Amino acid sequence: MPELPEVETVVRSLRPMVVGQTIHEMWYDWPRTLHSPSPDIFAARVRGQKVHDVTRRAKYIILHLDHDFLLVHLKMTGRLYVLEAGAVVPDDRWIHVRFQLDKGSSLCFSDSRKFGRIYLASQVEHVVKGIGPEPLEADFTPEVFFQRLNSRDRALKPLLLDQAFVAGVGNIYADEALFRSGLHPLRRSGTLGRDDAYRLYGAVRDALSAGISHEGASINWYRKPDGTRGNSQDHFFVYGRDGQPCHTCQATIEKIRVGQRGTHFCPRCQPAHKGSAS
DNA sequence: CGGACAACCTGGCGGC
DNA sequence: TGCCGCCAGGTTGTCC
């Protein structure tokens, strides 16, 4: 579910609520959510540690503690939010982990599909391994992107979804970025010229930035930590718009399968290329 | 290296 | 209303 914009929105919302608070106790009812260390060790080790910052790397939410990093990956349906003491308890039967904070407040991890994972590690790198560049960071330049694209020969859609290639892009923003670039999802990465690559570079960054400015997309499960919805879904060009007219050219948006993932594109704005398989 | 597919899980929705 | 199959924002491991 959550991609870079959604995770970034959660991080920004959570940071002022949990920084400075201490984790006093941990409760859980689905052991597999606690990836590592094992639940009993996890609980003992996290107890008493204070939260100093909340940041993001790729789609991981990172809580900086006294001696460790607490990492949360929301996967498809995970939610992370703070419940203040005395607050109206939400009707949420999918809470699987709770961290008791100061003055009766708690940090809740809810996840209906139970794909989400929580880690406790002394180094972020022990958990986040082999991840590609952050697309919104300064060291990610259009020339670097061009070189990376040309060093591979893969359809653009699955390549953008590959976290080792570029961090944080998921199914929604991959489709949105490809539309913004005018490139077909099946176009082979090795066939891109410098101009194409630079255009895609800008499109990826613009799509992600727009997602952040709209506080993420709430299509189904995603909610901001305060329980409200993001608005990014109201600004999509192609995702979920199959059968509807393209905002740019009025052609009908199509949906195909690429690498087992639903893929939306405009057949007129993103024409097939001799270098693509369709 | 790239592609296909199964797993991990549950809920919502469309179709009959 | 009930049941069934399909779909879903992610990632990992296996096999070819």
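These numbers come from a predicted model, not from an experiment.
- Rounded to whole Å, atom P of dG10(C) lies 11 Å from atom CG of L74(A).
- Protein atom NZ of K114(A) is 19 Å distant from nucleotide atom P of dA7(B), rounded to whole Å.
- A salt bridge does not link E3(A) to K59(A): none of the charged side-chain nitrogens sits closer than 4.0 Å to a carboxylate oxygen.
- Using the six-membered ring where Trp is involved, H35(A) and Y119(A) have ring planes that are tilted, between 30° and 60° apart.
- Rounded to whole Å, atom P of dC9(B) lies 11 Å from atom NE2 of H96(A).
- Residue contacts for D111(A): at a heavy-atom cut-off of 4.0 Å it reaches no nucleic acid atom on any strand shown.
- Side-chain nitrogen and oxygen atoms of H73(A) include none within less than 4.0 Å of the OP1 or OP2 phosphate oxygen of dG10(C).
- In this structure, the CG atom of D153(A) is 7 Å from the P atom of dG2(B), given to the nearest Å.
- Here K59(A) reaches the OP1 or OP2 of dT11(C): one of its side-chain N or O atoms lies under 4.0 Å away.
- Counting heavy atoms from C-beta on, the side chains of S209(A) and L136(A) come closer than 4.5 Å.
- A close approach under 4.0 Å does occur between a side-chain nitrogen or oxygen of R257(A) and OP1 or OP2 of dA8(C).
- Going from atom CG of L161(A) over to atom C1' of dC5(B) covers 16 Å, rounded to whole Å.
- Nearest heavy atoms, D111(A) versus F109(A): CB-CE2, 3.6 Å.
- OP1 and OP2 of dC1(B) both lie 4.0 Å or more from every side-chain N or O belonging to R152(A).
- Candidate nucleotides dG2(B), dG10(C), dG11(B) were compared by shortest atom distance to the side chain of R93(A), and dG11(B) ranks first.
- dC9(B): no Watson-Crick or G-U partner with both key distances under 3.5 Å is found in any strand.
- Side-chain nitrogen and oxygen atoms of K75(A) include none within less than 4.0 Å of the OP1 or OP2 phosphate oxygen of dT10(B).
- Taking atom P in both dC5(B) and dC6(C), one finds a spacing of 14 Å when rounded to whole Å.
- Within 4.0 Å of Y173(A), counting heavy atoms only, lies no atom of the nucleic acid at all.
- Taking atom CG of residue L186(A) and atom C1' of nucleotide dG2(B), one finds them 14 Å apart after rounding to whole Å.
- Spacing of C1' atoms, dC1(B) relative to dG10(C), comes out at 22 Å, to the nearest Å.
- Atom CZ in F115(A) sits roughly 13 Å away from atom P in dT12(C) (whole-Å rounding).
- Panel note: side chain S189(A), backbone L149(A); a donor-acceptor pair is recorded below 3.5 Å.
- Nearest nucleotide to the S112(A) side chain, out of dG10(C), dG3(B), dG11(B): dG11(B).
- Side-chain nitrogen and oxygen atoms of R113(A) include none within less than 4.0 Å of the OP1 or OP2 phosphate oxygen of dC7(C).
- Residue Q163(A) is classed as a sugar-phosphate contact, given heavy-atom separations below 4.0 Å to backbone atoms only.
- For the pair W94(A) CH2 and dG11(B) P, the interatomic distance rounds to 6 Å; values are reported in whole Å.
- Using a 4.0 Å heavy-atom distance criterion, R32(A) is classed as a sugar-phosphate-only contact.
- At least one donor-acceptor pair under 3.5 Å links the side chain of S181(A) to the backbone N or O of L183(A).
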